[in-house]
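Here the structure comes first, spelled out in structure tokens, and everything after it is commentary.
Index from 1, following the sequence. Bear in mind the structure is a predicted one, so any value in this text is a computation, not a measurement.
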Amino acid sequence: MFRRAIPFGALRNVRFGVRHKSGGGRRPKKKTYHRVAELDRVMELRKKPLMILHLASLIQSQPHHSPLFLRDLEKNVGFVRKWAFMALIDKHPSVFRVAGTPPSVSLTARARTLAQEEAHARASMESLLVTNLRKLLMLCVDCKLPLQTLELVGPQLGLPSDFKDCLVPKYPQFFAVKPFRGRDCLLLEDWDSTLAVTARETRLAQEGVVDLKANGDRRKVNISRDGNYLGPFAFKMNFPAGFRPNVGFLKHLERWQKLEFPSPYLNARRFDAADPKARKRTVAVIHELLSLTMEKRMTSAQLEAFHAECLLPSQLLLCLIKHQGIFYLTNKGERSTVFLKDAYLGSNLIDKCPLLQFYDKFMALCGRGNIDLCDNKNSLPAII
């Protein structure tokens with residue numbers, strides 16, 4: 001399809017259409033990457049809530065619980081964005097209150113009371129965060145990650161911004177920070193084989209599918225028109241509405257769905273990258289990486305950060321496009337983003353952690369609920 005690797009970070013500049021050669025003088029046939037309007041809409045819906053939560057965090061971070069003077073807003077958000085925040089304050093009196101001379105902005109009593117619940121939401125997530133962080137390190141070939149990478153993906157995982165000081169030291173039996181080739185890295189101290197179970201395998205176990213191989217069930221099960229297949233090595237497919245697979249495609253997909261592959265938690269160095277089983281395992285690794293995030297999605301830069309640690313393919317963009325029934329790439333918003341499709345129903349995330357439930361509850365003050373929110377640490381600081 002492409003003769004050279006395309007940098008994954010260049011997704012925004014890629015037009016999802018590939019022209020194939022054809023015989024004679026006919027116009028080349030174009031292969032289209034189908035858009036998913038519901039997931040594109042997620043990126044649009046998150047813009048205003050992110051700004052509201054950002055402003056709320058700025059107000060909460062003021063010393064001695066003093067209000068934020070409007071004249072100081074520019075120092076925190078910049079001259080251009082200041083006007084967008086000013087309009088936001090005026091539009092949401094249920095959350096923000098302007099008073100005094102010089103004018104300052106503070107949270108309303110109701111918003112201030114609700115914001116205090118975040119500490120409880122984060123505390124209730126700590127055990128889940130520790131487990132997911134251990135699983136993330138187990139996915140890496142050397143069971144380590146640079147702290148710089150963790151800081152980049154930390155907000156997607158739900159980690160606090162000061163996780164190095166407040167979370168890691170509490171669990172010395174699991175984590176250690178050590179220098180490696182000039183960079184501080186987080187190392188896994190204890191391997192737990194009970195954690196080496198993927199989200200895909202957990203879902204299949206809940207559906208009673210994992211035992212099919214163990215019981216020696218060899219019944220022929222034809223793949224459906226939507227690409228889904230009942231088997232212990234199958235992925236849940238969710239093709240876009242405009243995608244019309246032909247019989248040849250479905251037969252090839254059935255063979256791929258039946259193909260056995262090693263666990264993502266086995267060391268990637270043990271496998272030949274050209275082996276079809278190893279290539280399918282790579283899909284499983286990306287699936288598990290996205291499953292460990294709060295909102296089952298990552299930006300292109302965040303996913304690219306795992307390239308060396310998880311031995312992801314050099315043509316990562318093409319791998320994701322090829323498996324558009326499992327992943328969805330969108331260039332909506334400020335950054336290109338990769339979604340895990342089976343985690344969403346329309347524009348809504350199916351399973352939400354306590355922190356996302358808190359965000360929804362806070363946004364309900366503005367008359368907006370059930371909005372999936374997560375961004376990098378610069379866009380969404382914690383509300384203290």
Side-chain angles (χ1 to χ4, degrees), residues 8-9 11 33 36 38-40 42-43 46 125 128-129 131-141 145 149-150 152-159 195-204 233-240 261 263-265 268 279-313 315-333 335-353 355-356 372-376 380:
F8 186 53
L11 173 62
Y33 186 80
V36 180
E38 293 86 355
L39 296 181
D40 284 341
V42 172
M43 306 304 297
R46 68 203 292 262
M125 281 187 59
L128 176 63
L129 293 179
T131 298
N132 285 350
L133 188 55
R134 294 170 68 190
K135 290 169 71 75
L136 184 65
L137 293 174
M138 289 168 64
L139 283 173
C140 301
V141 289
L145 267 177
T149 301
L150 278 175
L152 176 65
V153 302
Q156 298 285 357
L157 300 172
L159 294 174
L195 297 180
V197 180
T198 65
R200 185 193 66 85
E201 291 169 330
T202 301
R203 177 182 62 82
L204 291 177
F233 298 99
F235 288 81
K236 185 176 181 180
M237 295 289 170
N238 185 10
F239 289 111
F261 63 93
S263 169
Y265 287 99
R279 291 201 296 267
K280 187 174 181 180
R281 178 191 172 276
T282 298
V283 175
V285 170
I286 300 172
H287 187 286
E288 186 69 0
L289 283 173
L290 296 175
S291 297
L292 292 176
T293 64
M294 287 199 302
E295 294 188 288
K296 320 306 179 194
R297 68 173 181 244
M298 284 188 186
T299 65
S300 59
Q302 290 169 336
L303 192 56
E304 182 71 22
F306 290 95
H307 203 287
E309 306 300 334
C310 296
L311 299 186
L312 297 180
Q315 294 184 329
L316 182 56
L317 172 61
L318 297 184
C319 175
L320 295 169
I321 293 175
K322 179 179 179 181
H323 298 285
Q324 58 178 307
I326 305 172
F327 311 112
Y328 177 64
L329 299 101
T330 178
N331 55 10
K332 300 292 183 181
R335 302 169 185 85
S336 56
T337 304
V338 183
F339 283 84
L340 184 60
K341 288 179 129 181
D342 62 18
Y344 283 81
L345 182 61
S347 298
N348 295 320
L349 187 65
I350 296 173
D351 295 319
K352 294 190 177 183
C353 63
L355 188 57
L356 291 181
D372 298 333
L373 299 166
C374 192
D375 202 358
N376 63 32
L380 183 54

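Of the possible polar contacts, none joining the Arg203 side chain to the Thr198 backbone as a donor-acceptor pair under 3.5 Å is found. In this structure, Arg297 contributes its side chain and Leu290 its backbone to no donor-acceptor pair below 3.5 Å. For the pair Ser347 (side chain) and Val42 (backbone), a donor-acceptor distance under 3.5 Å is absent. Using modelled atom types, one side-chain atom of Lys280 and one backbone atom of Phe233 make a donor-acceptor pair closer than 3.5 Å. A donor-acceptor pair under 3.5 Å links the side-chain atoms of Gln302 to the main chain of Thr299, judged by distance alone.
One distance of note links CZ of Phe235 with CG of Leu204; it measures 9.5 Å at 0.5 Å rounding. From Ile326, atom CD1 reaches atom CZ of Phe239 across 8.0 Å, with rounding to the nearest 0.5 Å. In this structure, CG on Asp342 lies 10.5 Å from CZ on Arg200, to the nearest 0.5 angstrom. To the nearest 0.5 angstrom, Thr337 atom OG1 is 10.5 Å from Leu39 atom CG. Here CG of Leu303 is found 9.0 Å from SG of Cys310. Values are rounded to the nearest 0.5 Å. Atoms CG and CD, from Leu320 and Gln315 in turn, are 12.0 Å apart once rounded to the nearest 0.5 Å.
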Step-by-step side-chain contact (heavy atoms from CB on, under 4.5 Å) determination, Leu145 to Val153: CA-CA 11 Å; Leu145 267 177; Val153 302; 5.9 Å; no
Check step by step if side-chain contact (heavy atoms from CB on, under 4.5 Å) holds for Thr149 and Glu309. CA-CA 10 Å; Thr149 301; Glu309 306 300 334; 5.6 Å; no
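Shown here is Leu345, whose CG atom has no more than 12 heavy atoms of other residues, nucleotides or ligands within 6.0 Å.
The shortest non-hydrogen separation linking Ala343 to Lys296 is CB-CG, 3.3 Å. Of all heavy-atom pairs between Phe261 and Ala284, the closest is CE1-CB, 3.5 Å. Of all heavy-atom pairs between Leu312 and Val285, the closest is CD2-CG1, 4.1 Å. Among all heavy-atom pairs drawn from Pro313 and Thr282, the shortest one is CD-CG2, 3.2 Å. Nearest approach of Cys353 to Met294, heavy atoms of both residues: SG-SD, 3.4 Å. Nearest approach of His323 to Cys319, heavy atoms of both residues: CD2-O, 3.1 Å.
Listed by chain and residue number, Asp190, Asp192 satisfy the salt bridge (charged side-chain N to carboxylate O under 4.0 Å, His left out) test with Arg134 (two or more places apart in sequence, or in another chain). Applying the side-chain contact (heavy atoms from CB on, under 4.5 Å) test to Val141 and every residue at least two apart in sequence or in another chain returns Asn267, Ala268, Arg269, Leu311. Residues that satisfy the ring-ring contact (aromatic ring centres under 6.0 Å, His included) test with Phe306, not counting sequence neighbours, are absent from this structure. Looking at residues two or more places apart in sequence or on another chain, you find no ring-ring contact (aromatic ring centres under 6.0 Å, His included) involving Tyr328. For Lys135, the salt bridge (charged side-chain N to carboxylate O under 4.0 Å, His left out) partners at least two apart in sequence or on another chain are Glu288. Checked against side-chain contact (heavy atoms from CB on, under 4.5 Å), Pro240 has the following partners two or more places apart in sequence or in another chain: His34, Val36, Phe243, Gln324, Lys341.
Leu317 places a side-chain heavy atom less than 4.5 Å from the side chain of Leu329. Annotation: side chain of Asn132 is not in contact with side chain of Leu157 (no heavy-atom distance under 4.5 Å). Residues Leu340 and Phe327 are in side-chain contact: their nearest non-hydrogen atoms beyond the backbone lie under 4.5 Å apart. Here the side chains of Leu150 and Leu133 are in contact, with some heavy-atom distance below 4.5 Å. Using a 4.5 Å heavy-atom cutoff, the side chains of Phe339 and Met43 are in contact.
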